Protein chains: 2
Amino acid sequence: MPTTPTAAADSPAFSPLYQQIKTLMTQSLQRGEWRPGEAIPSEAELAVRFKVSQGTVRKAIDELATDNLVVRRQGKGTFVATHAEERTQFRFLRLTPDDAAETGSTRRRFIDCRRQRAPADVARALALRTSDNAIRIRRVLYFRDLPVVLDDIWLPAALFKGLTAERLGSYRGPMYRLFESEFHVRMIRAEEKIRAVAADDTAAGLLELPPGTPLLSVERRSYTYGDRPVELRRGLYNTAAHYYRNELS
Amino acid sequence: MPTTPTAAADSPAFSPLYQQIKTLMTQSLQRGEWRPGEAIPSEAELAVRFKVSQGTVRKAIDELATDNLVVRRQGKGTFVATHAEERTQFRFLRLTPDDAAETGSTRRRFIDCRRQRAPADVARALALRTSDNAIRIRRVLYFRDLPVVLDDIWLPAALFKGLTAERLGSYRGPMYRLFESEFHVRMIRAEEKIRAVAADDTAAGLLELPPGTPLLSVERRSYTYGDRPVELRRGLYNTAAHYYRNELS
DNA sequence: GAGTGGTCTAGACCACACT
DNA sequence: GTGTGGTCTAGACCACTCC
């Protein structure tokens with residue numbers, strides 16, 4: 001049960017009730033008590049369970065919704081967010097075609113998928129020991145049969161046992177949906193570092209461009225519950241006919 | 001006075017009370033009734049003024065705060081957001097040095113500031129007629145005395161009467177603060193389109209780089225109240241020692 | 001102590017989806 | 001109709017800031 005605010009007042013870090021509820025609910029999500037796509041209990045039920053008013057539960061859920069951990073649907077309930085039903089198919093991919101009418105025909109090709117010791121920089125980014133294994137995936141995304149994105153993806157091997165090139169190749173749907181349904185690893189948020197670089201010979205070959213072509217370099221670190229980093233993804237984007245869109249506020 | 005929800009129920013678009021309050025408050029901000037940096041009336045006062053409960057005013061202010069139009073400070077009041085007191089000095093500039101310890105020494109150099117007919121693409125982006133005038137500013141940002149950013153900035157001349165290179169050069173502080181205090185144009189949000197390009201001769205000269213160096217091209221369109229576009233900014237960033245950071249969720 | 005925003009409650013009623 | 005989230009209210013009390 002949550003501590004009442006007054007009882008917690010003598011401790012240095014005062015935490016409102018709804019924050020405590022939010023933490024408890026996040027743990028339920030993390031434990032898998034409520035699974036992606038399913039409805040969580042109604043606000044009234046949760047109010048009873050946590051012995052607080054519905055308004056307090058409501059505020060906790062509000063925050064979970066703005067964090068994109070759950071989705072509210074009026075009249076139906078509140079549902080655990082999932083990468084399964086993204087209308088864009090790629091929730092985290094901010095590439096947009098210059099020609100807005102471009103058909104959604106996309107294709108993937110997996111070049112490589114292997115297990116190896118995590119290099120030092122990858123180990124650091126994923127909070128692994130250098131003795132830990134990592135899975136490295138290399139793939140190309142094609143839009144309208146033209147290669148546009150080359151990704152190098154690093155995952156902690158311990159979390160993705162049994163992930164193979166075959167499994168990746170045969171899966172229909174976004175990669176993050178596979179991670180979520182097969183490996184119970186849900187990507188919550190990510191940070192990206194973006195630069196402009198010149199294509200090296202390898203990238204140029206795979207993206208079918210002259211070496212030296214300017215490419216967008218996007219280094220993404222994705223996190224799951226509890227701010228745990230679980231993916232390092234280094235992408236090279238050909239921005240000749242696409243751009244990376246961003247909103248500032 | 002806001003229409004009560006029930007009274008508005010017959011019209012097709014139902015709008016909650018707090019949304020109507022939010023709209024009224026946005027208009028007060030736009031009109032300049034409450035000016036940047038100043039405190040707006042307390043929640044209790046606003047509740048009386050709008051004849052609603054404090055909770056409803058509160059929810060309206062909550063949204064204005066998440067939109068970054070106002071800032072709440074417990075115990076003190078709610079204040080109109082301003083570009084004057086950004087700790088980063090550049091609220092919309094997402095460039096970060098690789099070396100996190102880099103000193104904050106920045107310098108600006110204005111290359112050009114002139115008034116001219118808006119080219120077709122600029123006119124379209126700023127919703128101007130092609131007969132309208134625009135102000136074009138070109139400047140370079142230096143970090144540690146090295147040129148890193150080359151900006152081409154387009155503004156509707158009608159909104160920025162009297163803006164000159166001298167005024168720009170003599171002003172201390174962020175450009176958006178100048179716009180806000182001198183021209184009463186407040187930038188609320190912006191959209192960016194990002195690509196990788198090769199430096200042309202001009203850019204290479206100004207950024208002191210070899211022509212052909214990959215640069216980040218950042219096209220920003222900024223909006224003021226009412227989603228009115230008021231700035232088109234085309235930036236070229238040297239990302240050799242800096243990166244563009246972004247958060248996804 | 002007075003004034004501000006922040007939290008929490010309890011209850012009423014509305015809008016929406018399903019059946 | 002029943003159950004869900006969404007809105008609105010009124011009032012109590014807490015935390016923070018300033019005088």
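Note that the structure is predicted; figures quoted are calculated from it, not measured.
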Base-paired stems in DNA chain C, each at least three Watson-Crick or G-U pairs under 3.5 Å: C:1-18 with D:1-18
Under the rule for side chain to side chain donor-acceptor pair (under 3.5 Å), what residues qualify as partners of B:Glu33, not counting sequence neighbours? B:Ser28, B:Arg31, B:Arg49
Using the test side chain to side chain donor-acceptor pair (under 3.5 Å), find all partners of B:Asn68 that sit at least two apart in sequence or belong to another chain. none
Per atom distances to the A:Pro16 side chain, the nearest of D:dG5, C:dG5, C:dT7 is C:dT7
What are the atom names and distances for every N/O pair under 3.5 Å that joins the protein to nucleotides 16-19 of chain D?
{"residue": "D:dC16", "atom": "O4'", "partner": "B:Gln74", "partner atom": "OE1", "Å": "3.1"}
{"residue": "D:dC18", "atom": "OP1", "partner": "B:Lys76", "partner atom": "NZ", "Å": "3.3"}

Checking B:Asp151 against B:Arg234 for the salt bridge (charged side-chain N to carboxylate O under 4.0 Å, His left out) test, could you report, in this order, the C-alpha distance in whole Å, the side-chain angles of both residues, the deciding distance, and whether it holds? CA-CA 6 Å; B:Asp151 275 326; B:Arg234 296 196 173 115; over 6 Å; no
Could you write out each protein N or O paired with an N or O of nucleotides 9-11 of chain C at a distance under 3.5 Å?
{"residue": "C:dT9", "atom": "OP2", "partner": "A:Ser53", "partner atom": "N", "Å": "2.9"}
{"residue": "C:dT9", "atom": "OP2", "partner": "A:Ser53", "partner atom": "OG", "Å": "2.9"}
{"residue": "C:dT9", "atom": "OP2", "partner": "A:Thr56", "partner atom": "OG1", "Å": "2.3"}

Rounding to an integer number of Å, can you tell me how far A:Leu46 CG sits from D:dT4 C1'? 12 Å
Please give, in whole Å, the distance from D:dA15 C1' to B:Arg72 CZ? 14 Å
Once side chain to side chain donor-acceptor pair (under 3.5 Å) is applied, do any residues pair with B:Asp227, and if so which ones, sequence neighbours excluded? B:Arg189
Chi angles and distances behind the side chain to side chain contact (heavy atoms under 4.5 Å, CB included) call for B:Val230, B:Phe179: CA-CA 11 Å; B:Val230 286; B:Phe179 292 173; over 6 Å; no
Could you tell me how far apart B:Glu43 (CD) and D:dA12 (C1') are, to the nearest whole angstrom? 15 Å
According to a strict under-4.0 Å criterion, is A:Arg58 in side-chain N/O contact with OP1 or OP2 of D:dG5? no
Integer-rounded Å distance: C:dG6 P and A:Gln20 CD: 19 Å
Taking side-chain contact (heavy atoms from CB on, under 4.5 Å) as the definition, give me every residue that meets it alongside A:Arg167, ordered by chain and number, with sequence neighbours left out. A:Thr164, A:Ser170, A:Tyr171, A:Leu178, A:Glu182
Under 4.0 Å: is that the gap between some side-chain N or O of B:Tyr18 and OP1 or OP2 of D:dC8? no
side-chain contact (heavy atoms from CB on, under 4.5 Å) partners of B:Ala190, counting only residues at least two apart: A:Leu248, B:Phe92, B:Arg220, B:Ser222
Provide, to the nearest angstrom, the distance between the CD atom belonging to A:Gln19 and the P atom belonging to C:dC8. 9 Å
Give a yes/no answer on whether the side chain of B:Lys59 brings an N or O atom under 4.0 Å of OP1 or OP2 in D:dC8. no
Can you list every salt bridge (Lys or Arg N to Asp or Glu O under 4.0 Å) pair that touches residues 52-61 of chain A, not counting sequence neighbours? A:Glu43-A:Arg58
Sequence neighbours excluded, the answer for ring pair (Phe, Tyr, Trp, His ring centres under 6.0 Å) partners of B:Phe110 is none
For the pair made of CG in B:Asp62 and P in C:dT4, what is the distance, rounded to whole Å? 18 Å
Separation of C:dC18 atom C1' from A:Phe79 atom CZ, nearest Å, is 12 Å
Got a sec, which residues hit salt bridge (Lys or Arg N to Asp or Glu O under 4.0 Å) with A:Arg177, two or more places apart in sequence or on another chain? none
With sequence neighbours left out, write down each residue that passes salt bridge (Lys or Arg N to Asp or Glu O under 4.0 Å) with B:Arg94, or none if nothing qualifies. none
